[in-house]
Each structure stands twice: as structure tokens, then as C-alpha cells.
Engineer: 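Attaching a single structure in C-alpha cells format; questions to follow.
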Amino acid sequence: MLNQSFRQSQEQSLRPLTTAHLAQTMSLLLLSRQELKQKVESEISTNPALEVVDMNKCPSCSRPLIGNTPCSVCRRNGDNVDDTPIIFISSRSDFVGSSSNSQSADDISPDEITPAREDLHSYVLRQAAPDLETQDIPIAAHILSSLDDDGLLSVPIVEIAQYHHVPISRIEKVNELIKRCEPVGVGSTSPLEALLVQTDVLSETNYVPPLASRAITEGMELLSRHSYTELGRLLSISTDDALEIARFISENLNPYPARSHWGNIRDGRASKQDYQSPDVIISILNHPKQNLVVEIISPYTGRLRINQLFRDAIREAPSENAEKWQADLEKASLLIKCLQQRNNTLVRLMHLLVEIQHDFILQGDIHLVPITRASLADKLNVHESTISRAVSGKMLQLPNKSLIPMSKLFDRSLRIRAEMINIILEEIKPLNDSQIADILNERGFSIARRTVAKYRAIEGILASRMRRSMHSSNPE
DNA sequence: CTATGGCACGGATT
DNA sequence: AATCCGTGCCATAG
């Protein structure tokens, strides 16, 4: 059912109606998630015709909702609230790119599409549900809907306890359970707590350096300052061991569960772009056949729609403001259409991309197939600039949790660079640039010697002379 | 003398 | 129209 409405909206939005529409769609497409969030928020606050319905709260009584089921308290009016929305923009919109051989966006068979639009809340709830007492489920739902963007609990536990009139310990019990769900650490009250939970859970299946949790509780300060010697002293271990712990933490843990992995930390510098959140998330669907799920992240949760009351008010009680209101109404509806189209374009684009770059996404740089924005534009029957805008500035999260700029999928030379790295890694005796160039040419990549040098520079690889026998430096 | 890095130019891409 | 990228030529470091 969602598929159908989705497809309908796709077709109907294919032809822009006005130039204004077109222009706005274009500009929206350019915006990344955060920018769009600002834009939408400002629009909402200035335009009374727009309203946002939080999907995680019951529309009428604003109690936390569980998944898609209507609020149990006021189910009767809960339902008819739903029949008037102009548009439904989910916080994520999902679909599946099949692994190999579905050719065009149009012939995906229905069962390959994940039917539910699932956001973090329901995702986690589904995991937790089997372990929960039935009467605890509302509590879990409440906790989940109180998460902030980072997946941390933004409301004091006491408050939740009061709301439900149950002892704090019970809330904590539920929360313990939630924290152990994927992404591990959700629902923690602080980044620190999230780290601890993750360490704990990880230690059940993997090797965790001893004292890691103590390092977190007691040495967080030192960790963030990268004073490993001091950390070592604090825990009375060697600096090397302290370093190992630090590396373990930065590689395996994430203080903000809902965010992606905090980037490649090279030499301890975790700052800069790392705290960006992705615009699109690609993950692997576990149980069925390893399909890739693409989720376009919307900057806000809930439905954005025309305020029905506002519309009625205009119709029934015309006043001297009617003109202005009418204009607002039109602006609102335009915005919604444009947002819809933005989303739609992204979805279509990602679908194609995931198909083409399937191997790259799963197996890394070497499998990137070189494509140009233009070629995609051709396949999607849109203008190149549309693709350009859609790609620029967007971040993508891969199944392995790494965050990459979307433009990486269009990197012409990445493929060859990866190959080059392999060559350099494999060789025992350092090769000079022209030798590398020769090997690459033999393998079918015709590039010049000078270019090898350039690539080396990009990858931060030293000149052949300088790299006698050093390793363990550049995983990227 | 050889291997590299710098500068700059032309073609492709956006 | 602006930008990016591969490449050639040349100066320089080793």
C-alpha cells in the first residue's frame, strides 16, 4: 500500500507545474539535511498554513505512539486525523535495491520493497519488544520517542517515571534493555554511558582491551585530550596499552549511537567534518537476502502538511486577511510539493546508484565503477544539473558505518587509486612511479607516470624512496 | 642521472 | 561559465 502511494506520488510529481515549482525544487535539492531542516523550520514558523504532525506522538492526545499502531487511548479520533494529509514525508523513506539484476527503477517486484517506513524508534522497539513485559511496552515507546537526534535520552528518567506512575527502577530496567539494542547505546543518558554500554556489549562477543571501561569512566578527560601517557599512569599501565585502549574506543565505539561512526580518526584528530550527519543511509537487511536498504533522511520527524483548520477557516470565514492567507496556503502547498519532489528525486537517484555501486558499497573502493553525473542524468531523464545539485554536499552512510561524501560515488580515479594502493601494499621492494604506472597500464588502466605521483599525493603515500619498510599507516 | 614535485594548459565534467 | 583532472615540461632534490 505504501508502495503504491509512493509510486503514484512519483509519477504525479514527475512534471513540474510551474517555473516557481521547478525553481524551488531545484534549490531544495541542493540543500543538505541540516540546511533543509533550517529552511523547513523557518518556513513553518512563518507560515501558519503549515503544520507538522509528530508521528511518534498521538496526533490528538500526544502520547507516545508505538510504531504504526494508533494510540490506544484515543483510537477513535486517531484514525480520521489521517485522511487529510497532503503529503507524507517520513523521517526515513525506505526501499530496497536488489543485489544484482533488476534493471530499471520501475520493475522492482513488490516483495523486494521494504514495506514499512521505519525510523529509529520503531526499529529499536521491534528488537526490544520480545523481551519486554507487555505493560512495559508503552514505557519503552515513551523512552524511544524522547530520544534526540543522537540517539541519547533527552528527558530525565524521573520524568518518565512520573508520567507513568511507576518506580524509577522499572524505567531503568526497560532502558537497560533498550540500550542493548542496535544501535547499541541508544537511550543512554550521556555519551559516556553509551560508550560504557557499547564496551559491555562488545565484550560479550569480541576482544576488549582490559580496563577499557575504567578508562572511559575515569579517563574520558584524558582520552579526549589524547594524553595517553597520563592515561597510562592513571590506570597504571603502559602507554602502549593506553594507546590500544584509545584506538579500540575510537574504532569501535560511538558516543552518539544514532549517528554514524565518528569518522576516520587519523592521529587522534576527530574534529572537523565528523559530526556531520548523513543525508542518506545505506544498510544491509539482515534476514532476507542481504538486500541493501536505502534510507533518505528527512530533517524532521513527522508529517508536514497543510493545516486543515487553517484551510477551513479561510473557506468559511473570509476576512480582509483572506488574500494573504490564500497566498500562504499556496506557498505552503508549493513547499510541500517541492519537498516531495526533492525526496523523490533523491530516492530515484539513490536507487540507481545503489544498483550500480552495489559492489562498491559492500566491498570497498576497488569495486567502484566509474560513472559520471551526466550518464545518470540520462538514465533518469533529468537534467545533469539536477544530479549535480542532488549530489553536492550530501553525506552518505554505508553499511559499514563509514560516512562518505556522496560525490565519492562519482570519483573517476578512486578505482585506480585503490588499485594503486594494492600494488604498493603488495610489493616487497618499493616501486617507483613509472613502474607503478606500467603495472597499472598492464592491468588496463592507462594512466601516465605523472598521474601516479598525483594519486600518491592524494592518498598521502610517500615517494618510493622514502617508504622503505614502513606499514600500518594509511588504511584509507 | 633519475625520481619527484610544481606550474600550467587543455579537455572533460559539472 | 566555472571547476576538476590528467598530463607534459621543467626545475630540483637525492
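When reading the values below, keep in mind they use all heavy atoms of this one structure, side chains included, and skip hydrogens, waters and symmetry mates.
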Engineer: Any residue in residues 411-419 of chain A with a heavy atom nearer than 4.0 angstrom to DNA chain C? Just list them by number, or reply none.
Structural biologist: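 The stretch gives A:Arg412, A:Ser413 as the residues lying under 4.0 Å from the strand, ordered by number.
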Engineer: Is A:Ile447 touching bases, backbone alone, or none of the nucleic acid, heavy atoms closer than 4.0 Å?
Structural biologist: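 Sugar-phosphate, no base atom in range.
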Engineer: Rounding to an integer number of Å, can you tell me how far A:Ile461 CD1 sits from B:dA3 P?
Structural biologist: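 Rounded to whole Å, this separation is 18 Å.
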Engineer: Can you confirm whether A:Leu335 sits close enough to A:Lys331 that some side-chain heavy atom of one is under 4.5 Å from a side-chain heavy atom of the other?
Structural biologist: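 They are not in contact (no side-chain heavy atoms under 4.5 Å apart), so the answer is no.
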Engineer: Given 3.5 Å as the limit, does a donor-acceptor pair link the side chain of A:Gln357 with the main chain of A:Val369, or not?
Structural biologist: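 Checking the backbone N and O of A:Val369 against the side chain of A:Gln357, a donor-acceptor pair under 3.5 Å is found.
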Engineer: It should be established whether A:Tyr455 places a side-chain nitrogen or oxygen under 4.0 Å from OP1 or OP2 of nucleotide C:dG6.
Structural biologist: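 It does, given that an N or O in the side chain of A:Tyr455 lies less than 4.0 Å from OP1 or OP2 of C:dG6.
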Engineer: For A:Tyr455 and A:Ile436, what are the C-alpha separation, side-chain angles and deciding distance, and is it a side chain to side chain contact (heavy atoms under 4.5 Å, CB included)?
Structural biologist: CA-CA 11 Å; A:Tyr455 287 171; A:Ile436 294 175; over 6 Å; no
Engineer: Mind calculating the distance between CZ (A:Arg456) and P (B:dA3) to the nearest angstrom?
Structural biologist: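 Roughly 12 Å, once rounded to whole Å.
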Engineer: Tell me the closest heavy-atom pair linking A:Met420 and A:Ile461, and the distance in Å.
Structural biologist: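 Shortest heavy-atom separation between A:Met420 and A:Ile461 comes out as CE-CD1, 4.1 Å.
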Engineer: For A:Thr25 and A:Cys338, which heavy atoms make the closest approach, and how far apart are they?
Structural biologist: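 Closest approach of A:Thr25 to A:Cys338, heavy atoms only: OG1-SG, 3.6 Å.
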Engineer: Between A:Ile371 (CD1) and B:dT13 (P), how many Å, whole number?
Structural biologist: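 One finds 13 Å between P of B:dT13 and CD1 of A:Ile371, rounded.
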Engineer: Assign a letter to each nucleotide of nucleotides 8-14 of chain C from its 5' end: B, base within under 4.0 Å of a protein heavy atom; S, sugar-phosphate only; -, no contact.
Structural biologist: BB-----
Engineer: Students often get this wrong, so: under 4.0 angstrom with heavy atoms, is A:Ser375 touching a base, only sugar-phosphate, or nothing?
Structural biologist: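 Counting heavy atoms under 4.0 Å across all strands, no contact is made by A:Ser375.
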Engineer: List the atom of A:Ser407, the atom of A:Arg373, and the distance in Å for their closest heavy-atom pair.
Structural biologist: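 Smallest interatomic distance, heavy atoms only, reads CB-NH2, 3.6 Å.
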Engineer: In whole angstrom, what separates A:Ile436's CD1 from C:dG6's C1'?
Structural biologist: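 Rounded to the whole Å, the gap is 17 Å.
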Engineer: Hey, is the main chain of A:Ile416 close enough, under 3.5 Å, to the side chain of A:Ser413 for a donor-acceptor pair?
Structural biologist: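 No; zero donor-acceptor contacts below 3.5 Å.
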Engineer: Nearest whole Å is fine: how far is B:dT14 P from A:Leu30 CG?
Structural biologist: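 After rounding, the gap between these two atoms is 16 Å.
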Engineer: Could you give the NE2-to-C1' distance, from A:His383 to B:dT13, as a whole number of Å?
Structural biologist: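 In whole Å, B:dT13 C1' lies 13 Å from A:His383 NE2.
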Engineer: Counting heavy atoms from C-beta on, name the nucleotide in C:dG6, B:dG5, B:dA3 closest to the side chain of A:Asn432.
Structural biologist: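 Nearest nucleotide to the side chain: B:dA3.
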Engineer: For A:Leu409 and B:dT14, what is the distance between atoms CG and P respectively, to the nearest whole Å?
Structural biologist: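 These atoms are roughly 13 Å apart.
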Engineer: A:Thr372 side chain N/O closer than 4.0 Å to the phosphate oxygens (OP1, OP2) of B:dT13?
Structural biologist: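 False: A:Thr372 side-chain N/O out of range (4.0 Å or more) of B:dT13 OP1/OP2.
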Engineer: Identify, between A:Ser388 and A:Ser434, the residue whose nearest nucleotide on DNA chain B lies closer to the 5' end.
Structural biologist: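 So the residue in question is A:Ser434.
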Engineer: How many whole angstroms separate atom CZ of A:Phe445 from atom P of C:dT7?
Structural biologist: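 Roughly 14 Å, once rounded to whole Å.
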Engineer: So, for A:Leu380 and A:Leu349, which heavy atoms are closest and what is the spacing to 0.1 Å?
Structural biologist: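 Looks like CD1-CA, 3.8 Å.
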Engineer: Test A:Ile336 against A:Leu50 for side chain to side chain contact (heavy atoms under 4.5 Å, CB included), laying out the working first.
Structural biologist: CA-CA 9 Å; A:Ile336 288 176; A:Leu50 285 171; 3.8 Å; yes
